[in-house]
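The structure under discussion appears below in the form of structure tokens.
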Amino acid sequence: MARQSPEEPTFVELTIEEVKAMGKQGIDHPSTRPVLVGAGIGTVLGAALPMVSWPVGLLVGAAVVLYNRVKR
């Protein structure tokens with residue numbers, strides 16, 4: 001699928017920039033706390049579900065929140 005405008009950044013580029021900004025600004029970045037909370041919730045759910053381990057839950061929880069933050 002072609003981009004509408006070549007100047008407009010792709011979702012992957014936006015996500016990489018968001019993660020870089022979170023790394024530079026640390027806990028002061030507006031996305032850091034929600035992503036950490038999502039990772040924590042995912043960890044708990046991953047540990048509670050028998051077919052998923054906690055590392056998978058951590059990654060999925062953080063990814064879902066990050067996706068929702070970048071998508072806006």
Side-chain angles (χ1 to χ4, degrees):
M1 185 160 110
R3 289 195 276 182
Q4 297 291 343
S5 171
E7 297 86 28
E8 187 176 322
T10 64
F11 178 75
V12 173
E13 293 169 342
L14 290 172
T15 303
I16 290 171
E17 290 302 316
E18 186 75 9
V19 171
K20 283 181 182 179
M22 286 170 54
K24 288 179 184 175
Q25 295 176 11
I27 201 73
D28 293 333
H29 192 274
S31 293
T32 302
R33 286 187 182 113
V35 170
L36 290 176
V37 169
I41 292 170
T43 301
V44 170
L45 291 176
L49 295 173
M51 62 201 119
V52 181
S53 64
W54 69 266
V56 173
L58 184 141
L59 290 174
V60 170
V64 167
V65 174
L66 183 61
Y67 172 79
N68 286 331
R69 300 280 300 178
V70 172
K71 190 175 81 170
R72 303 192 260 138

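All heavy atoms count here, side chains included; hydrogens, waters and symmetry mates do not.
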(request) Kindly work out whether a path of hydrophobic side-chain contacts (I/L/V/M/F/W/Y, heavy atoms less than 4.5 Å apart) joins F11 to L66. (result) yes

(request) Begin with the C-alpha distance, continue with both residues' side-chain angles, and end with the deciding distance and a verdict on side chain to side chain contact (heavy atoms under 4.5 Å, CB included) for V37 and V65. (result) CA-CA 9 Å; V37 169; V65 174; over 6 Å; no

(request) Report yes if some heavy atom in the side chain of E18 is under 4.5 Å from a heavy atom in the side chain of H29; otherwise report no. (result) yes

(request) May I ask whether M51 and V56 are part of the same hydrophobic cluster, defined by side-chain heavy atoms of I, L, V, M, F, W, Y residues being less than 4.5 angstrom apart, directly or through others? (result) yes

(request) Find out whether L36 and I27 are in side-chain contact, i.e. whether some heavy atom of one side chain is under 4.5 Å from a heavy atom of the other. (result) yes

(message) Please tell me whether V64 and V70 are part of a single hydrophobic cluster in this structure, the criterion being side-chain heavy atoms less than 4.5 Å apart.
(response) no

(message) Rounded at 0.5 Å granularity, tell me how far CZ in R69 sits from OG1 in T32.
(response) 9.0 Å

(request) Check the hydrophobic clustering (I, L, V, M, F, W, Y; side-chain heavy atoms under 4.5 Å; chains of links allowed) and say if V52 and L59 are grouped together. (result) no

